[in-house]
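Below is one structure, written out as structure tokens; comments come after it.
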Amino acid sequence: MNRTAIAIAAFLLAACGGQSASHSNSSTANSSTAPSGAAPTSYSSLANGREIFQTGKDWAGHPLVAATHPLRSSCAACHGTNGAGGQHIADHAVSADLRHTALVTDQKPPYNLQLLERAISTGVDNTGQPLNRVMPHWKMSSGDLHDVAAYVLTLK
């Protein structure tokens, strides 16, 4: 990701507070985090987003839930650990590429944090159209939704 995109992501995190009411520590560059699957020693918004994306659980180990039973339990299970997508899922659906170029550079209008949060939670894309029905409508706290969307915008 280029420096401008990183600056925008940092600004968006700062503007939104980088946390939800359920997260007591703010996100900082010096926050200690544990590897995926282990609880972090202090809260970090980006580490929480990565944890949600990779494992389907938040930083405290709580599993994600969806409006209907999802085919897979995490974002990475369909979109790949790097977000590149291209995996054949079900009903002839192929998972979307979630990397920055695909979501921001190549999209009109480009995805931003708010549009990505909407896609994750309601299944509506950047143009207002429904995503493929195999995409779950994930139900999570506003803080977790913010964290995973911000993390996705960092994928290269």
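For the single chain, residues carry numbers from 1 onward in sequence order.
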Any donor-acceptor N/O pair, Asn126 side chain to Pro109 backbone, under 3.5 Å: yes
Which heavy-atom pair separates His137 from Ser121 by the least distance, and what is that distance? CB-O, 3.4 Å
For residues Thr81 and Gln54, report the shortest heavy-atom separation together with the two atoms involved. O-NE2, 3.0 Å
Asp97 side, atom CG; Asp106 side, atom CG - distance, nearest 0.5 Å: 8.5 Å
Heavy-atom pair with the smallest gap, counting every atom of Glu117 and His146: OE2-CA, 3.1 Å
Which pair of non-hydrogen atoms, one from Pro70 and one from Pro136, has the smallest distance, and what is that distance? CB-CG, 3.7 Å
Is there a donor-acceptor pair closer than 3.5 Å between any side-chain N or O of Arg118 and the backbone N or O of Gly123? no
Any sub-3.5 Å donor-acceptor pair from Asn48's side-chain atoms to Trp59's backbone N or O? yes
To the closest 0.5 Å, what do you measure between OG1 (Thr68) and CZ (Arg133)? 10.5 Å
Would you say the side chain of His79 lies within less than 4.5 Å of the side chain of Arg72, judging by non-hydrogen atoms? no
Restricting to non-hydrogen atoms, name the atom on Met140 and the atom on Leu64 that form the minimum distance, rounded to 0.1 Å. CE-CD2, 4.0 Å
Please check if Ile89 and Trp138 belong to a single hydrophobic cluster, counting links between Ile, Leu, Val, Met, Phe, Trp and Tyr side chain heavy atoms closer than 4.5 Å. no
Hydrophobic cluster membership, Val152 vs Val124, 4.5 Å side-chain cutoff: no
Rounding to 0.5 Å, atoms CG (Leu153) and CG (Asn112) come to a distance of 8.0 Å
Of all heavy-atom pairs between Lys108 and Thr105, which one has the smallest distance, and what is that distance? NZ-O, 4.2 Å
With rounding to the nearest 0.5 Å, note down the distance linking CG in Leu145 to CG in Asp58. 12.5 Å
Gln87, CD: over 12 other non-hydrogen atoms inside 6.0 angstrom: yes
Which is it for Leu155 and Asn82 under the side-chain contact (heavy atoms from CB on, under 4.5 Å) test, yes or no, and what are the steps along the way? CA-CA 7 Å; Leu155 297 174; Asn82 68 352; 5.9 Å; no
Ser95 side chain to Cys78 main-chain N or O, any donor-acceptor pair under 3.5 Å? yes
Using the rule that Ile, Leu, Val, Met, Phe, Trp and Tyr join whenever any side-chain heavy atoms are under 4.5 Å apart, tell me whether Val148 and Leu71 fall into a single cluster. no
With a 4.5 Å limit on heavy-atom distance, are the side chains of Leu46 and Thr154 in contact? yes
Just by modelled atom types, is the Met135 backbone N or O under 3.5 Å from a matching donor or acceptor in the Asn132 side chain? no
Pairwise side-chain contact, Phe53 with Leu98, heavy-atom cut-off 4.5 Å (strictly under): yes
Once you round to the nearest 0.5 Å, how far does CG of Asp125 lie from CG of Leu116? 11.5 Å
